[in-house]
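If you're wondering where the values come from, they're calculated on a predicted model, not measured in any experiment.
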Amino acid sequence: MTGIQGSLFRGVLLAATIMTLLAASSFSADILTLRKQAETGDADAQFNLGFMHAEGRGVSQDYAEAVKWFRKAAEQGHAKSQYCLGVAYTKGLHVPQDYGEAAKWYQKAADQGVAEAQYNLGNFYYFGKGIQPDPAQGATWYRKAADQGVAEAQYNLGLAYERGRGVPQDYTEAAKWYRKAAGQGNPKAQAMLGNAHLLGQGVPRDYAEAVFWLGKAAEQGLTNAQYNLGVAYADGQGIPQDSVQSYFWFSLAASRSAGENKKKYSDARDRAAKKLTAEELREARRMTREWEKSHQLK
């Protein structure tokens, strides 16, 4: 939900803020000095010490220590620490997993303007995690985070407008927010913006523009975008007709899918194969193998 994997707490900071913190004197100071500052009640030092333990920067990685210091700072009103404590309760990280407690800390941080907390709180309200579901409140918090540039919040707000859940249905607004997230490289938003241009939904129907955005999502491994791009190549919509490329994208979509989608994509691949010469089929399969090697699943 938070999009934080591996580095559980890094999502609290935008990249530029992380670099600022790493350059700050508190990170370069002797760890003993920082600990003394934290022990005297300095909330910034407590947060920095917690963050260092969470990341294993200059100290051993120790999530229990991280959570301890985040809590001390959070209880003093330190917004980023409140967010990190919310993550800990969401994940059950050295505290019992407790969505209600997580929502409490996200709310405190969100009220102070922490964008990631606003996004997470939006999810909690939208889907009823730890609090009563309230899609309108969820959309409100998505918007706050989206206005601060959180791509996932922009994408989710676009979905809310497309579906008319929590906000009035408005395809133009949906496309606007998809475009913002797509411009930041969010593959789901890129695919949705491509689909919007295919259908003329909230934006002019424009097959070339659709292919442009579907291509960006497909390159990031989004299977439905790979399939739709294969269709575009098969039909010559927005791009010159190319059966080799069509097979290539159908094949990639099929290789990374399961269930009904895998059957759908595999059937499309097999139909495309029938239009290829033996030499073209060998080339399409070579392209597929090469792409898979350079885009290993993580």
Can you measure from CG (Asn224) to CG (Asn195) and round to the nearest 0.5 angstrom? 6.5 Å
Where the side chain of Glu280 meets the backbone of Thr277, is there a donor-acceptor pair that is under 3.5 Å apart? yes
NZ/NE/NH1/NH2 to OD/OE distance under 4.0 Å, Glu260 and Lys263: no
Verify side-chain contact (heavy atoms from CB on, under 4.5 Å) between Arg286 and Glu290, making sure each step is shown before the conclusion. CA-CA 6 Å; Arg286 183 198 64 78; Glu290 289 300 312; 3.7 Å; yes
Distance-minimising heavy-atom pair for Leu157 and Ala146: CD2-CB, 4.3 Å
In this structure, are over 12 heavy atoms from other groups packed under 6.0 Å from Arg165 atom CZ? yes
Nearest heavy-atom neighbours spanning Ser81 and Ala73: OG-CB, 3.2 Å
Does the side chain of Tyr233 come within less than 4.5 Å of Ile239's, by heavy atoms? yes
Following the transitive rule for hydrophobic clusters with a side-chain heavy-atom cut-off under 4.5 Å over Ile, Leu, Val, Met, Phe, Trp and Tyr, establish whether Val244 and Val211 coincide in one cluster. yes
For residues Gln241 and Ser243, is any side-chain donor paired with an opposing acceptor at under 3.5 Å? yes
Have a look at Gln112 and tell me which of Gln118, Lys80, Gln82, His78 forms a side-chain contact (heavy atoms from CB on, under 4.5 Å) with it. Gln82
With a 4.5 Å heavy-atom cut-off, do Phe47 and Phe70 have their side chains touching? yes
Residue pair Val231 / Asp235, side-chain heavy-atom distance below 4.5 Å: yes
For Leu281 versus Ala273, what's the shortest heavy-atom pair and its separation? CD1-CB, 4.1 Å
So if you build clusters from Ile, Leu, Val, Met, Phe, Trp, Tyr with side-chain heavy-atom gaps below 4.5 Å, do Leu193 and Phe212 land together? yes
For the backbone of Gly221 and the side chain of His295, can you confirm whether one donor and one acceptor N or O come within less than 3.5 Å of each other? no
How about Tyr265 and Phe250: are their ring centroids closer than 6.0 Å? no
Rounded at 0.5 Å granularity, tell me how far CD in Gln137 sits from CD in Gln132. 13.0 Å
Could you go through the side-chain contact (heavy atoms from CB on, under 4.5 Å) check for Leu198 and Leu214 one step at a time? CA-CA 10 Å; Leu198 279 177; Leu214 289 172; 3.9 Å; yes
Whether Ser246 side chain and Gly230 backbone form a donor-acceptor pair below 3.5 Å: yes
When you compare the side chains of Asn186 and Glu152, does any donor N or O come within less than 3.5 Å of an acceptor on the partner? yes
For the residue pair Trp69 and Arg35, establish whether any side-chain heavy-atom pair is separated by less than 4.5 Å. yes
Measuring only between side-chain heavy atoms, which start at C-beta, is Leu222 closer than 4.5 Å to Gln220? no
Taking Met287 as the starting point, is it possible to reach Leu276 by hopping between hydrophobic residues whose side chains are less than 4.5 Å apart? yes
Please lay out, stage by stage, how Glu101 and Lys104 fare under the test salt bridge (charged side-chain N to carboxylate O under 4.0 Å, His left out). CA-CA 5 Å; Glu101 193 70 9; Lys104 180 186 85 173; 2.8 Å; yes
Does Tyr227 belong to the same Ile/Leu/Val/Met/Phe/Trp/Tyr cluster as Leu199, with side-chain heavy atoms less than 4.5 Å apart forming each link? no
Output yes when Glu173 and Lys176 qualify as a salt bridge under the 4.0 Å nitrogen-oxygen rule, no when they do not. yes
Where is the tightest heavy-atom contact between Trp141 and Ala110, given as atom of each residue plus distance? CZ3-CB, 3.6 Å
Determine the minimum heavy-atom distance between Ala225 and Ala217, stating which atoms define it. CB-CB, 3.6 Å
Apply side-chain contact (heavy atoms from CB on, under 4.5 Å) to Trp291 and Phe248, showing your working. CA-CA 9 Å; Trp291 195 94; Phe248 166 68; 3.7 Å; yes
With the side chain counted from C-beta on, respond yes when Val87 and Leu93 share a heavy-atom pair under 4.5 Å apart, and no when they do not. no
Main-chain N/O of Ala254 paired with Ser257 side-chain donor or acceptor, under 3.5 Å: no
Examine distances only and state if a side-chain atom of Gln61 and a backbone atom of Ala54 form a donor-acceptor pair shorter than 3.5 Å. yes
Take Glu292 and Arg256, measure what salt bridge (charged side-chain N to carboxylate O under 4.0 Å, His left out) needs, and give me the verdict at the end. CA-CA 10 Å; Glu292 292 285 10; Arg256 296 186 169 211; 3.2 Å; yes
Ser60 (side chain) donor-acceptor with Gly56 (main chain) under 3.5 angstrom: no
Please determine which of Arg71, Gln76, Lys72 meets the side chain to side chain donor-acceptor pair (under 3.5 Å) test together with Gln46. Gln76
Less than 3.5 Å apart, any donor N or O on the side chain of Tyr142 or Asn123 sitting next to an acceptor on the other? yes
Would you check if Arg271 and Tyr247 make a side-chain contact, meaning some heavy-atom pair closer than 4.5 Å? no
Using a strict 4.0 Å threshold on nitrogen-to-oxygen distance, state whether Lys68 and Glu65 make a salt bridge. yes
Leu159 and Met192: side-chain contact (heavy atoms from CB on, under 4.5 Å), yes or no, with the steps? CA-CA 9 Å; Leu159 280 180; Met192 295 300 283; 3.9 Å; yes
Please tell me whether Glu162 and Tyr178 have a donor and an acceptor in their side chains that are separated by less than 3.5 angstrom. yes
Check whether any side-chain heavy atom of Val67 sits under 4.5 Å from a side-chain heavy atom of His53, and report yes or no. no
Test Tyr106 against every option in Tyr89, Phe124, Tyr99 by the ring pair (Phe, Tyr, Trp, His ring centres under 6.0 Å) rule and name the one that passes. Phe124
Salt bridge check, Glu219 against Lys216: does any charged N sit closer than 4.0 Å to a carboxylate O? no
Can you check whether Thr172's main-chain N or O pairs, donor with acceptor, with Asp170's side chain at less than 3.5 Å? yes
Indicate the atoms forming the closest heavy-atom contact of Val95 with Ala88, along with that distance. CG2-O, 3.5 Å
Do Val114 and Tyr125 share a hydrophobic cluster, counting only Ile, Leu, Val, Met, Phe, Trp and Tyr and linking them when any side-chain heavy atoms are less than 4.5 Å apart? yes
